[in-house]
Peer 1: 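One structure follows; several queries about it will come next.
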Amino acid sequence: MPIKIADGLDAVSELKKEGIVTIGEKRARTQDIRPLHILILNLMPIKKPTEVQLLRLLGDTPLQLDVDFARIASRETTHTDRSYLDENYLTFDDIKDRKYDGFIITGAPVEKMPYEEVDYWPEMLKYFNWADSHVFSTLHFCWAAQAGLYRDYGVEKRILPRKLFGIYQYNLTLAYHPLLRGFDDRYFIPQSRHTSIDDKKVDATPELTVLSRSEENGINIISDKESRRIFVLGHFEYDLRTLEWEYKRDREKGLPIRLPENYYPYDDPQEKPRFVWCSYAHLFYHNWLNFVYQETPYSLDNLMPFNVHNPLHGN
Ligand SMILES: CC(=O)SCCNC(=O)CCNC(=O)[C@H](O)C(C)(C)COP(=O)(O)OP(=O)(O)OC[C@H]1O[C@@H](n2cnc3c(N)ncnc32)[C@H](O)[C@@H]1OP(=O)(O)O
Ligand SMILES: N[C@@H](CCO)C(=O)O
């Protein structure tokens, strides 16, 4: 939310340098305010915990949000009841003529497959194409971040020698960015993936800005220059015990899995995991919503299309 202060205060220029939005009397009197429209494409097989996790973070704002959930229609889901989805989720046909201020696309356990082998890849492409002209800012996380970077910028993924599994620290690479406002120099985020992206290709793509990275585990948050495409490799939204649940699941299945790194004190699974990413998760989503609120057009009819740069996709 912008703060209204007198135009003559010296703080105005100082805050502007930090990206903090201030408005004067005239703008405050004429400012049009409306709810933000957010769409979440939930690709997780077990959808309900992800709904709670995301709504918890989105709900932590004084702004009014209208949130819709969308699902894939071209593949039957086996882990979530069909009638629940029919009742509570929209399909592409429902949303194709609507416009949204913000669009969130979740991770999905399909990261080891080539994109084109994912049953719903053609439907993903429909969502991506639609978002170019119907969404102001799209936030992709985990697999969706990899898929979006591939589709928009031709960034490939690669299989890691072992699963990146635990809580990892990343350093900010920029002094000021609206999505990182209020962050410490470093933050923590859960990771649970078998793949990573081609960091060199990201660094060599002039349309992309890297917001954070670590020496050991590479790039973590990326944005295009206008923050209309945001890519987060990891899961800010995970609950305290989500990694523990995944660890036990894989162990019970006899899969090769080690304890989540940097998670239990003394690496002792009897201990309560350390919750060191919660405040960053709230701050990140808060910053994204604040950014969207400041920059999205009052009337979505005036939305400018997003320019896709990847020649692979002929856009
Ligand atoms: C890298 C990231 O983005 S991390 C985000 C993903 N994280 C998670 O999904 C964590 C929770 N998921 C899980 O724990 C597991 O996937 C489970 C327990 C739900 C399912 O495990 P299994 O039953 O062994 O796997 P299964 O072979 O049925 O496939 C699971 C999911 O993979 C996806 N999937 C599998 N094959 C395909 C395919 N060819 N095309 C598209 N999706 C596929 C589907 O989403 C499927 O779930 P759904 O049928 O309910 O939609
Ligand atoms: N986070 C996922 C990775 C699989 O793609 C899981 O462990 O289920």
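As the structure lists them, so they are numbered: ligands from 1, and atoms in each ligand from 1.
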Peer 1: Starting from atom 4 (C) of ligand 2, find the nearest protein heavy-atom neighbour and note its residue, name and distance.
Peer 2: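 Residue, atom and distance for the closest contact: Glu111 OE2, 3.4 Å.
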
Peer 1: I'd like to check whether Arg249 has a polar contact with ligand 2, where a contact means an N/O of the residue lying under 3.5 Å from an N/O of the ligand.
Peer 2: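 Yes, since at least one N or O of Arg249 sits under 3.5 Å from an N or O of ligand 2.
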
Peer 1: Quick one: look up the protein heavy atom nearest atom 21 (O) of ligand 1 and list residue, atom name and how far away it is.
Peer 2: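 Answer, as residue, atom name and distance: Lys253 NZ, 3.6 Å.
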
Peer 1: Return yes or no for this condition: an N or O of His194 is under 3.5 Å from an N or O of ligand 2.
Peer 2: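 No, His194 has no N/O under 3.5 Å of an N/O on ligand 2.
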
Peer 1: Show which atoms of ligand 1 fall inside a sub-4.0 Å distance from at least one heavy-atom site of Trp143.
Peer 2: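 It comes down to these atoms of ligand 1: 2 (C), 3 (O).
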
Peer 1: Is it the side chain, the backbone, both or neither of Ala108 that has a heavy atom closer than 4.0 Å to ligand 1?
Peer 2: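 Backbone only; the side chain of Ala108 stays clear of ligand 1.
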
Peer 1: Where is the tightest heavy-atom contact between Val232 and Ile189, given as atom of each residue plus distance?
Peer 2: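 The pair with the smallest heavy-atom distance is CG1-CD1, 3.8 Å.
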
Peer 1: Counting the benzene-type ring for Trp, do Tyr280 and Phe236 have ring centres under 6.0 Å apart?
Peer 2: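 No, too far apart.
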
Peer 1: Please could you name the atoms of ligand 1 that Glu246 approaches to less than 4.0 Å, counting only its heavy atoms?
Peer 2: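 Listed by number with element: 10 (C).
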
Peer 1: Looking only at heavy atoms, is any part of His194 under 4.0 Å from ligand 1, and if so is it the side chain, the backbone, or both, or is it neither?
Peer 2: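 Neither part.
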
Peer 1: Just go through Gln146, Gln191, Arg249, His235 and tell me whose heavy atom is the nearest to atom 12 (N) of ligand 1.
Peer 2: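 Considering heavy atoms of Gln146, Gln191, Arg249, His235, the nearest to atom 12 (N) of ligand 1 sits in Arg249.
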
Peer 1: At under 4.0 Å between heavy atoms, which part of Trp245 makes contact with ligand 1: side chain, backbone, both or neither?
Peer 2: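 Trp245 to ligand 1: side-chain contact only, backbone stays beyond 4.0 Å.
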
Peer 1: In this structure, is the centre-to-centre distance between the rings of Tyr238 and Trp245 below 6.0 Å?
Peer 2: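 Trp245 vs Tyr238: aromatic centres not under 6.0 Å.
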
Peer 1: Give the intermediate values and the outcome of side-chain contact (heavy atoms from CB on, under 4.5 Å) for residues Ser74 and Asp119.
Peer 2: CA-CA 8 Å; Ser74 53; Asp119 291 347; over 6 Å; no

Peer 1: Would you say Val67 ends up clustered with Val52 if hydrophobic residues are merged whenever their side chains have heavy atoms under 4.5 Å apart, either directly or through other cluster members?
Peer 2: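 Not linked; separate clusters.
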
Peer 1: Just which atoms of ligand 1 are under 4.0 Å from any heavy atom in Ile46?
Peer 2: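 Per the distance check, 19 (C).
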
Peer 1: Starting from atom 9 (O) of ligand 1, what is the nearest protein heavy atom, named by residue and atom, and what distance separates them?
Peer 2: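 Protein heavy atom at minimum distance: Pro45 CD, 3.3 Å.
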
Peer 1: How about atom 27 (O) of ligand 1: does it have a protein heavy atom within less than 4.0 Å?
Peer 2: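 Within 4.0 Å: no protein heavy atom nearby.
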
Peer 1: Any atoms of ligand 1 less than 4.0 Å from a non-hydrogen atom of Val110? List them with their elements.
Peer 2: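 Taking each heavy atom of Val110 in turn, ligand 1 has 33 (C), 34 (N), 41 (C), 42 (N), 43 (C) under 4.0 Å.
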
Peer 1: Find all atoms of ligand 2 within a distance of less than 4.0 Å from any non-hydrogen atom belonging to Lys163, and give their numbers and elements.
Peer 2: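 Numbered from 1, ligand 2 contributes 6 (C), 7 (O).
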
Peer 1: With backbone taken as N, CA, C and O and side chain as the heavy atoms from C-beta onward, which portion of Asp119 lies under 4.0 Å from ligand 1: side chain, backbone, both, or neither?
Peer 2: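 Looking at Asp119 and ligand 1, atoms from backbone and side chain both fall under 4.0 Å.
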
Peer 1: Taking 4.0 angstrom as the limit, do Glu261 and Arg162 come out as a salt bridge?
Peer 2: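 Salt bridge between Glu261 and Arg162, a charged N being under 4.0 Å from a carboxylate O: yes.
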
Peer 1: Return yes or no for this condition: an N or O of Thr77 is under 3.5 Å from an N or O of ligand 1.
Peer 2: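 Among all N and O atoms of Thr77, at least one is under 3.5 Å from an N or O of ligand 1.
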
Peer 1: Taking the six-membered ring for Trp and the single ring otherwise, decide whether the centroids of Phe136 and Tyr100 are under 6.0 Å apart.
Peer 2: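 So the answer is no for these two rings.
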
Peer 1: Identify the heavy atoms of His177 and Ser227 that sit nearest to each other, and give their distance.
Peer 2: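 Here His177 and Ser227 meet closest at CE1-OG, 3.5 Å.
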
Peer 1: Quick one: side chains of residues 264-273, donor-acceptor pairs under 3.5 Å with protein atoms, not counting sequence neighbours, listed by atom name and distance.
Peer 2:
| unit_1 | atom_1 | unit_2 | atom_2 | d |
| --- | --- | --- | --- | --- |
| Tyr264 | OH | Glu244 | OE2 | 2.7 |
| Asp268 | OD1 | Gln270 | N | 2.8 |

Peer 1: Between Lys157 and Asp198, is the side-chain contact (heavy atoms from CB on, under 4.5 Å) condition met? List the steps.
Peer 2: CA-CA 6 Å; Lys157 64 182 164 150; Asp198 179 353; over 6 Å; no

Peer 1: Using a 4.0 Å cutoff against the non-hydrogen atoms of Tyr120, which atoms of ligand 1 qualify?
Peer 2: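 Here the atoms of ligand 1 in question are 41 (C), 42 (N).
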
Peer 1: Have a look at Arg75, Arg71, His79 and point out the one with the heavy atom closest to atom 51 (O) of ligand 1.
Peer 2: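 Answer by nearest heavy atom: Arg75.
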
Peer 1: So that I can tick it off, tell me whether Asp94 and Arg71 are bridged by a salt bridge, with the cut-off set at under 4.0 angstrom between side-chain N and carboxylate O.
Peer 2: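 Salt bridge flag = no for Asp94 with Arg71.
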
Peer 1: Please identify each residue that fulfils ring-ring contact (aromatic ring centres under 6.0 Å, His included) with His286, with sequence neighbours left out.
Peer 2: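 Partners of His286 under the ring-ring contact (aromatic ring centres under 6.0 Å, His included) test: none.
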
Peer 1: Among all protein heavy atoms, pick out the one at the shortest distance from atom 32 (O) of ligand 1; state its residue, atom name and that distance to 0.1 Å.
Peer 2: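 Sorting protein heavy atoms by distance from atom 32 (O) of ligand 1 puts Pro109 CG, 3.4 Å first.
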
Peer 1: Give the ring-plane orientation class for Phe103 versus Trp130, where under 30° counts as parallel, over 60° as perpendicular and anything between as tilted.
Peer 2: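 Phe103 vs Trp130 ring planes: perpendicular.
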
Peer 1: Same cluster or not: are Phe188 and Phe275 linked, directly or through other Ile, Leu, Val, Met, Phe, Trp or Tyr residues, by side-chain heavy atoms under 4.5 angstrom apart?
Peer 2: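 Same cluster: Phe188 reaches Phe275 through Ile, Leu, Val, Met, Phe, Trp or Tyr contacts under 4.5 Å.
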
Peer 1: Would you call the rings of Trp121 and Tyr150 parallel, tilted or perpendicular, where under 30° means parallel and over 60° means perpendicular?
Peer 2: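 Because their plane-to-plane angle lies in the 30° to 60° range, the rings of Trp121 and Tyr150 count as tilted.
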
Peer 1: For ligand 2, is there an N or O atom under 3.5 Å from any N or O atom of Ser192?
Peer 2: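 Ser192 vs ligand 2: N/O contact under 3.5 Å present.
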
Peer 1: Which ligand 1 atoms does Met113 reach within 4.0 Å, using its non-hydrogen atoms?
Peer 2: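 What qualifies from ligand 1 is 36 (N), 37 (C), 38 (C), 39 (N).
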
Peer 1: Atom 49 (O) of ligand 1: which protein heavy atom is closest, and how many Å away?
Peer 2: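 Checked against all protein heavy atoms, atom 49 (O) of ligand 1 sits closest to Thr78 OG1, 2.6 Å.
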
Peer 1: Quick one: which ligand 1 atoms are inside 4.0 Å of a heavy atom on Cys142?
Peer 2: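 Checking each atom against Cys142, I get 1 (C), 2 (C), 3 (O), 4 (S).
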
Peer 1: If we set the cut-off at 4.0 Å for heavy atoms, which region of Met44 has an atom near ligand 1: side chain, backbone, both, or neither?
Peer 2: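 Only the side chain of Met44 comes within reach of ligand 1.
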
Peer 1: Measuring from non-hydrogen atoms of Phe141 to any atom of ligand 1, is the shortest distance under 4.0 Å?
Peer 2: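 No, that is not the case, since the closest heavy atom of the residue is not under 4.0 Å from the ligand.
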
Peer 1: What atoms of ligand 2 come within less than 4.0 Å of a heavy atom belonging to Tyr238?
Peer 2: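 By the 4.0 Å cutoff, the relevant atoms are 1 (N).
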
Peer 1: Is Arg82 salt-bridged to Asp86, going by a charged N under 4.0 Å from an acidic O?
Peer 2: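 Salt bridge present between Arg82 and Asp86.
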
